[in-house]
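Here is the naming used below: chain letters follow the sequence lines, and residue numbers restart at 1 for every chain.
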Amino acid sequence: MLKDLRQQLDRGEITVRALTEQYLAAIRASSLNAYITVCDDVALEQAEAAQKQIDAGQSAPLTGIPLSMNDNICTSNTRTTCASRMLEHYTPPYNATIVDKLSGQNAVLLGKTNLDEFAIGNTTRSSYFGATSNPFDSGYVSGGSSGGSAAAVAAGLCAVSVGADTGGSLRQPAAFCGVTGLKPTYGVVSRYGIVASSFDQAGPIAQSAEDCGILLDALCGGDPLDMQSVKRSYAPFGGKIGQSLKGMKFGLIQELIGDDVAPAVREKVLAAADFYRQNGVSVETVSLPSLQYMIPAFFILSCAEASTNLSRLDGVKYGTRFQQEGDAYEDLVKRSRAEGFGREVKRHILLGTYTLCSGYYDMYYSKAAALCASIRGDILALLARYDMLISPTAPTTAFRMDEYKDDPAQLYAADICTVPASIAGLPAVTTPCGYDEKGLPVGMMLTGRAFADAELLAAADAFERVFTRREPGVSV
Amino acid sequence: MSEREINAGQTAAESLVWLAELAKLGLGETELTEMEQDMRSIMPLMDAVKELDAAPMPRPESITLGDLRDDQVRPSLSRDLLMEQHPDWPGRNKDGTGNPETFFTIPKVV
């Protein structure tokens, strides 16, 4: 899509303003609740600037392209709420580095998309602004935490989007909404200005692996403001697309295609594995026994980080102040945090506080950290023998809107497929590989070695060229 | 009430109250009951790590730092811009005149 849009814009077949207005109209007409803030005026101003660049014959790949991004990415001209009441009226005093990179190409920001509050969740149900519906069936979730971004791309409410992935927060919603999403290698994309935990990595969500590559080209790069970003030169991430996969070796993770996986998901992913076999890839079943500990370990660390990171939001240093007459300092802080945070965030804060308590730190946090290091070693050992690992992106298709509401542990366990790549800091791409009996998309995920993002996109692209995607809303 | 007393004869509800106090979260009665139910569901998930012997596991790798810049003072965000972020800053007059307060108020601490 991006290459087609580029040609149309550069040839003058459509103006940036007209294209932007089309998307803004689609957003206004949509009932998905994919956006928290729509930047009508700012988008049209940016469209004018982009048009001038195009008219001067100096367009970059994303000049004039209307896109969206998660609302936990700081934008100085637009509020950044993190889908929380605590930051409902917060406008950051600076841009995230990736925002500056996109502005540098005069991309057009249509708006900030919905997510789970502070990116904690996998449904968008915890958003203060309400859940985002799945474009394929509004009775189902879009996934999360980057559910708004994924739904917006799937429903044609933007050309591409920037999501953020903690333990699957970009890949799972992309799978649930039937689009392509890439969690890059940790450090490829700057995290400066993203309200996130240490696991987070921003990445592209698009209609194709090729478009993900074009967006990642714009986002990538070392950043002196993010000491965990990697200073390295990157070839275009679409550069390996079209190259033969013959001779490659993929490992199919057997623990992720067992009885715990929905039958339709298993069937479609195994069919995808067969596609790769038919194209000269050797696909062997592999085992990752440490998978059973990944969710507990990851959950403990992410709760601990949430507890620590969110402690600054107290109505004094940051965040909305909720105050009653006569409140002392401590009362003000407790009231602001009680009123400002939702239930899921409070749960994470309490659990994180528990695991970091003196007496429990060694029992939980230290062990979880050591376990994650061990798990990373197991995954790297597999990738020393295989070029990529293949698995479902999620054990099921999208949940119903009311599913697992009283069973949070089941929700957390549903991240089993995506957490390994997050723990290991490795790149992973999801692309749709089928639809279940309800017409909901099934996602197939490829996990690669560090900095093999281009190879992953090429492998995903190879599948996409033979797979017929359905448009949301089309009946089965 | 110390952290070690959390499991020493305390009920789950009492432990939760203590954790909420540590986390500076003002939870009401209904919320505490809901959280208690949530914790019962989630704790078995977390407790899976307790049985593991972490001794033979490798130490977590150190974070690899990128290039660090020299420790030099550089221009930063303006005081006004930072102060504007606070919910209770008197600020400048609307016409831009006046000497802005260089502090923001919080309720009395002691």
Side-chain angles (χ1 to χ4, degrees), chain A residues 90 93-94 222 224 226-231 292-293 295-297 299-300 307 311 314-316 318 320-321 323 327-335 337-338 341 343 346-347 349-351 353-355 357-360 363-364 366-374 376-377 407-409 412-413, chain B residues 2-8 15-16 18-28 31 34-35 37-61 63-69 77-78 81-82 84-88 104 106-110:
Chain A
Y90 175 65
Y94 66 100
D226 174 11
M227 63 181 180
Q228 289 177 306
S229 67
V230 177
K231 202 170 170 182
Q292 59 179 313
Y293 300 112
I295 291 291
F299 185 70
I300 287 168
S307 162
S311 65
D314 58 6
V316 177
Y318 295 99
T320 306
R321 177 178 290 186
Q323 184 176 9
D327 268 355
Y329 175 80
E330 284 251 345
D331 298 324
L332 178 151
V333 169
K334 285 182 194 174
R335 190 185 307 283
R337 287 165 66 77
F341 293 136
R343 184 169 167 178
K346 287 178 192 171
R347 203 154 52 205
I349 290 173
L350 287 169
L351 287 164
T353 304
Y354 177 61
T355 61
C357 266
S358 162
Y360 296 92
M363 198 184 301
Y364 290 106
S366 287
K367 275 197 179 175
L371 190 50
C372 281
S374 177
R376 185 168 190 272
D407 194 354
Y412 303 147
Chain B
S2 73
E3 295 93 332
R4 286 196 180 277
E5 288 170 358
I6 285 179
N7 266 348
S15 299
L16 210 48
W18 170 243
L19 284 174
E21 185 70 24
L22 278 181
K24 300 272 189 289
L25 278 174
L27 300 179
E31 262 189 310
E34 285 171 352
M35 284 293 171
Q37 285 166 3
D38 290 347
M39 298 304 157
R40 287 191 205 284
S41 162
I42 297 166
M43 287 309 298
L45 178 76
M46 291 169 56
D47 282 346
V49 303
K50 281 165 74 175
E51 283 77 38
L52 288 171
D53 178 12
M57 292 178 193
R59 289 173 61 83
E61 293 168 16
I63 294 169
T64 303
L65 300 181
D67 291 336
L68 301 177
R69 67 174 177 87
L77 297 171
S78 73
L81 189 56
L82 288 172
E84 272 172 25
Q85 307 305 312
H86 190 269
D88 190 17
F104 49 80
I106 61 172
K108 196 164 71 170
V109 176
V110 292

* Asked: Should A:Lys346 and B:Glu31 count as an ion pair when the cut-off is N to O under 4.0 Å?
  ->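 Salt bridge: yes.
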* Asked: Who pairs with A:Asp314 by salt bridge (Lys or Arg N to Asp or Glu O under 4.0 Å), at least two apart in sequence or on another chain?
  ->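 Expected list: A:Lys317.
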* Under the salt bridge (Lys or Arg N to Asp or Glu O under 4.0 Å) test, which residues partner B:Asp47, sequence neighbours left out? ->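 Listed in chain order: B:Lys50.
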* To do: Without swapping roles, check the side chain of A:Arg335 against the backbone of B:Leu25 for a donor-acceptor pair under 3.5 Å.
  =>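 Between the backbone of B:Leu25 and the side chain of A:Arg335 there is no qualifying donor-acceptor contact (under 3.5 Å).
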* **Interface moiety of B:Met46 toward chain A, non-hydrogen atoms closer than 4.5 Å** =>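 It is both, since atoms from each part get that close.
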* **Max heavy-atom pair count under 4.5 Å with chain B, selected residue of A:Pro296, A:Gly222, A:Ala368, A:Ala413** =>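 The residue among A:Pro296, A:Gly222, A:Ala368, A:Ala413 with the greatest pair count is A:Pro296.
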Engaged part of [X] at the chain B interface, taking heavy atoms whose separation is under 4.5 Å:
{"X": "A:Ile295", "result": "side chain"}
{"X": "A:Val333", "result": "both"}
{"X": "A:Thr353", "result": "both"}

* Atom CD1 in B:Ile42, atom OH in A:Tyr412: separation rounded to 0.5 Å? ->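 With rounding to 0.5 Å, CD1 (B:Ile42) is 4.0 Å from OH (A:Tyr412).
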* Asked: Between NZ of B:Lys24 and CZ of A:Arg337, what distance do you get to the nearest 0.5 Å?
  ->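 Interatomic distance, B:Lys24 NZ to A:Arg337 CZ, rounded to 0.5 Å: 8.5 Å.
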* To do: Take A:Tyr354 and B:Met39 through the side chain to side chain contact (heavy atoms under 4.5 Å, CB included) test and state the conclusion after the steps.
  => CA-CA 11 Å; A:Tyr354 177 61; B:Met39 298 304 157; over 6 Å; no
* To do: Go through the steps to decide whether B:Leu19 and A:Leu351 satisfy the test side chain to side chain contact (heavy atoms under 4.5 Å, CB included), and finish with yes or no.
  => CA-CA 9 Å; B:Leu19 284 174; A:Leu351 287 164; over 6 Å; no
* **Side-chain heavy atoms of A:Arg343 within contact of B:Asp38, under 4.5 Å** =>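 A side-chain contact under 4.5 Å exists here.
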* Asked: Which heavy atom of B:Ser41 sits nearest a heavy atom of A:Asp407, and at what distance?
  ->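 Of all heavy-atom pairs spanning B:Ser41 and A:Asp407, the closest is OG-OD1, 3.5 Å.
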* Carefully, step by step, assess A:Met363 and B:Val49 under the rule side chain to side chain contact (heavy atoms under 4.5 Å, CB included). => CA-CA 8 Å; A:Met363 198 184 301; B:Val49 303; over 6 Å; no
